[in-house]
Amino acid sequence: QVQLVESGGGLVQAGGSLRLSCAASGRTFRNYGMGWFRQALGKEREFVAAVSWSAGFTYYADSVKGRFTIFRDSAKNTVYLQMNSLKPEDAAVYYCAARPSGVSQLPGFYDYWGQGTQVTVSS
């Protein structure tokens, strides 16, 4: 059983930084694709970033390119999302997701989800 546990959310001023963590457990994630999504109140869940666990290829939504970085620590089975230059529109619940092969920008293609962590950005 795959388990994903996010942490690192909180309140930050606009322009500040946060690092989210997603601790994965339950199996070997060598071929997995890992994604970060977010969902603001009243909006649909949207893609933020993804990384292929084995090769480390990364993908980003246009809205976060140049500000967010996704990376993984295989030894710790953890995926991170470093968020810099945060804007009020980045405020949302951030979710970590995993799928057995490849990456996708579509949330429906991910099999496993964490419980989410709240990010609040004050202006």
Side-chain angles (χ1 to χ4, degrees):
Q1 181 74 12
V2 173
Q3 287 190 324
L4 305 173
V5 179
E6 302 101 332
S7 61
L11 172 64
V12 64
Q13 287 188 331
S17 299
L18 280 175
R19 178 177 290 185
L20 305 183
S21 301
C22 172
S25 62
R27 65 183 310 125
T28 301
F29 293 91
R30 185 176 298 118
N31 296 317
Y32 270 58
M34 305 295 294
W36 283 99
F37 292 79
R38 66 188 182 187
Q39 188 165 16
L41 193 63
K43 295 188 177 181
E44 293 187 353
R45 192 166 297 190
E46 66 173 1
F47 171 76
V48 175
V51 62
S52 59
W53 194 281
S54 56
F57 296 130
T58 57
Y59 309 85
Y60 296 94
D62 288 343
S63 60
V64 306
K65 278 181 183 176
R67 300 188 298 122
F68 291 11
T69 303
I70 186 172
F71 59 100
R72 81 268 188 264
D73 184 334
S74 298
K76 295 182 178 180
N77 259 13
T78 300
V79 176
Y80 302 91
L81 184 68
Q82 177 66 42
M83 306 186 295
N84 298 330
S85 302
L86 282 161
K87 305 175 181 180
E89 52 263 42
D90 293 319
V93 177
Y94 282 71
Y95 296 91
C96 176
R99 64 191 304 261
S101 179
V103 296
S104 173
Q105 297 187 18
L106 300 175
F109 280 79
Y110 286 80
D111 298 302
Y112 307 100
W113 292 84
Q115 81 288 351
T117 185
Q118 178 72 52
V119 172
T120 303
V121 184
S122 63
S123 56

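The model shown is predicted, which means the values in this text are computed figures rather than measured ones.
V48 and Y95 are members of different hydrophobic clusters when ILVMFWY side chains are connected at heavy-atom separations under 4.5 Å. At a threshold of 4.5 Å between side-chain heavy atoms, the hydrophobic network of Ile, Leu, Val, Met, Phe, Trp and Tyr places V103 and F68 in two separate groups. Residues Y59 and V51 do not share a hydrophobic cluster, defined by chaining ILVMFWY side chains whose heavy atoms lie under 4.5 Å apart.
Checked against ring-ring contact (aromatic ring centres under 6.0 Å, His included), F71 has the following partners two or more places apart in sequence or in another chain: Y80. In this view, R67 and D90 satisfy the salt bridge (Lys or Arg N to Asp or Glu O under 4.0 Å) rule, not counting sequence neighbours. Scored by the ring-ring contact (aromatic ring centres under 6.0 Å, His included) test, F29 finds Y32, W53 as partners (sequence neighbours excluded). Shown here are the side-chain hydrogen bond (donor to acceptor under 3.5 Å, both in side chains) partners of K65, two or more places apart in sequence or in another chain: D62. Residues passing the ring-ring contact (aromatic ring centres under 6.0 Å, His included) test with Y112: none are found, sequence neighbours excluded. For Q39, the side-chain hydrogen bond (donor to acceptor under 3.5 Å, both in side chains) test picks out R45, with sequence neighbours left out. For A55, the side chain to side chain contact (heavy atoms under 4.5 Å, CB included) partners at least two apart in sequence or on another chain are S52, F57. E89 is linked by a salt bridge (Lys or Arg N to Asp or Glu O under 4.0 Å) to nothing, counting only residues two or more places apart in sequence or in another chain. Qualifying ring-ring contact (aromatic ring centres under 6.0 Å, His included) partners for Y60, counting only residues two or more places apart in sequence or in other chains: none.
Here OH of Y110 is found 6.0 Å from CZ of F47. Values are rounded to the nearest 0.5 Å. Taking CD from Q3 and CG from N77, the interatomic distance works out to 12.5 Å, rounded to the nearest 0.5 Å. Rounded to the nearest 0.5 Å, atoms CD (Q1) and CZ (R27) are 9.5 Å apart. Going from atom CD of Q115 over to atom OG of S7 covers 8.5 Å, rounded to the nearest 0.5 Å. Between the CE atom in M34 and the OG1 atom in T78 there is a gap of 9.0 Å [rounded to 0.5 Å].
Residue D111 comes nearest to P100 through the heavy atom pair OD2-CD, 2.7 Å, listed as atom of the first residue, atom of the second, then distance. Between L81 and A49, the closest heavy-atom pair is CD1-CB, 4.1 Å.
Between the T28 side chain and the R30 main chain, no donor and acceptor come within less than 3.5 Å of each other.
Identified under the disulfide (SG to SG under 2.5 Å) test for residues 40-83, with sequence neighbours left out: none. Residue pairs that meet the disulfide (SG to SG under 2.5 Å) test with at least one member in residues 16-120, sequence neighbours left out, are C22-C96.
With contacts defined as side-chain heavy-atom distances shorter than 4.5 Å, the pair S63/R38 qualifies.
Between F37 and W113, the ring planes lie tilted relative to each other; the angle falls in the 30° to 60° range.
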Using a 3.5 Å cut-off and no angle test, enumerate the donor-acceptor pairs between side-chain atoms of residues 13-20 and protein atoms at least two apart in sequence or in another chain.
unit_1	atom_1	unit_2	atom_2	d
S17	OG	N84	OD1	2.9
R19	NE	Q82	OE1	2.7
R19	NH2	Q82	OE1	3.2

